[in-house]
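For reference, the structure discussed in these notes is given below.
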Amino acid sequence: MKAKTLAWGIAVIIVVGAGIVLSGVLDPSYKTAAIDQADTPIPAQLIARGKYLAMAADCTACHTSKDGAPFAGGVPIATPFGTIYGSNITPDKKHGIGSWSSADFYRVLHDGIAPGHPVYPAMPYTSYRSISRADSDAIFAYLRSLAPVPVANRANDVPFPFNIRALLRGWNFLFLRNSLPDASSGSSDEWVRGKYLANGLGHCTECHTPRGALGQLTLGKTLQGGDLGDIHAVGITPGQLAARGWTTADLQHFLAFGIAPQGSAYGEMHDVVHYSTQHLTQADNKALVRYLTGDTPLSPAALPAQAGPAPGTEKVIAAGRPLYLALCAGCHSANGQGKPNVTVALHGNSTVRNEQPHNLIRVILAGVSAKQFPGNQGRQAMPGFDTKLNDQQVAELANYLRASFGGLKADVQPGDVASVRKPK
Amino acid sequence: MSLTKTPVSMTINGVLVGPFDVPESLMMLDFLHEYANLTGTRLGCGQGVCRACAVILDHDDGTSEEIRTCITGVGYFAGRKLRTIEGHASRDESGNIKELSPIQQKFLDFYSFQCGYCTPGFVNAATVLVEKLKRQPIDKADVETVVTDALNDHLCRCTGYVRYYQAVKEVILSTPGLTKERPHES
């Protein structure tokens, strides 16, 4: 009897507690700032700083659609819970953030609570939470300085029960953390700045960390690689970067130009370089890489200097080499060195050297669209071979690349190809 | 260092070619020029963009596709059937041209090209399109879109795309069986 009363008591407490959390009475609120005073002119310097920070935070990626006005929203973000559309963050009073205060803006970055309702964690407030109030105000000042664009927000396509926004307060209660795990070990000023850039503004973890059943970041596997989208966001822990041959200098060049000896940016990472990382100052670029590699970077894993088969892989080579010479060597060259301004080298390529063959298979099947990079560099389109090669042949080709140019085991199976080929 | 060689043979324009011992990394375009003595296929960009080097690959099921020979290795064609620009016109027994193919003739009638460098690729692509429409006729209203989709990737720097476009459209509309009238809507 006593136990039953206790159980009832706990149940009531949980229900009441959940009710309180979901109701929003616990939502935090913040003070407005000087920039909210209508008669106070906003310094041009603050707006310029906000513009830089907005690029570092890559607001454009989700808030500017391909054929739309800057920051007017409309970008579809596919999630396992439905499609969410980036919102209008121009200072339009009806559709944008024209009637918000800097406190409202800080709260949506810090807590995921917009005026009137919580936002979905497709908005990376799980990362933006560590953005300082001063930087939030600068971004807000910049956005307020833009021309208002009267474009209505597109309704999200999210089915029941995920369309009940109040539940997001429960999600925040369970999963929103004040800080994210460190990607590497370090303590230098540069590392600390890099942590702020990567964990906060850059929100790297949102794509590069695997997610759990409710869409939460699996913090125990921070930056070990996410699997949303056709092209997976690869693991970028210090160990994984070193295993694929990345040096700090090459990473710095990659983030600034989208191209490195290990390959060029494709998939969503190309947009990240295009809209965000290429604009980082040299100091911030170096800091970001310092944080990703740590204060004591690991040495990149060695590859044989000459492209060639590892001992014991003769059978793999015999099966895959004819396919490589027939379909790939015309652009990537017979020894995998690539061609400047045409194609990447495959010898030592980061995708080829990735233990997880998913992206390699995906690129062989679907190809890559033509890309432009800073510094007047380009990579032409690569055709996809999904109709030309069967699963067995794609596996043979992938294994040839791994064994000849990647220093990896030739262990890709036709079944691996079939699972990548299968539409989600 | 010696090049690794591999034997290849194939059927080009209905004639068995080879076997030749060729370097294993030889591109098909070089095979056509240097081994098969067929020099009509053009090297343009050499990196698969301009499609001047496109030839026709014939599949056993009767379908055909265009394929870029500057970026496709000779090994891909081993044992297969293909057609090059030399194979379109009909010839008499001594090899003289009797009649051009409908696509070739219309390109001439419309003065579709000036320098002619890209023409072999265009002839092959347009021919592949006509053959596809024989199997799968389209609505007359869709002809312009279909021609654009089929030839869009081919680069021409002289005549501004208008005349070859008109020529292909004319062939499609004047050849029975390539188009169908959309049923009248009541």
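Per chain, numbering begins at 1; letters A, B, ... match sequence-line order. This structure is a prediction, so every number in the text was calculated from the model and none was measured.
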* Asked: Got more than 12 heavy atoms from elsewhere within 6.0 Å of CG, B:Asp60?
  -> no

* Structure fact -> Okay, B:Leu57 and chain A: the region with an atom under 4.5 Å from a heavy atom over there is neither

* Structure fact -> Within residues 23-47 of chain B, the residues sitting under 4.5 Å from chain A by heavy atom, in sequence order, are B:Glu24, B:Ser25, B:Met27, B:Gly46, B:Gln47

* Asked: For A:Glu268, does the CD atom sit with more than 12 other heavy atoms under 6.0 Å from it, leaving out its own atoms?
  -> no

* To do: Flag yes if more than 12 heavy atoms outside A:Gln356 fall under 6.0 Å of its CD atom; otherwise flag no.
  => no

* Asked: What do you reckon, is NZ of A:Lys339 surrounded by more than 12 foreign heavy atoms closer than 6.0 Å?
  -> yes

* To do: Report, by ascending residue number, the residues of residues 368-391 of chain A in heavy-atom contact with chain B at a distance under 4.5 Å; give 'none' if the set is empty.
  => A:Gln380, A:Pro383, A:Lys388

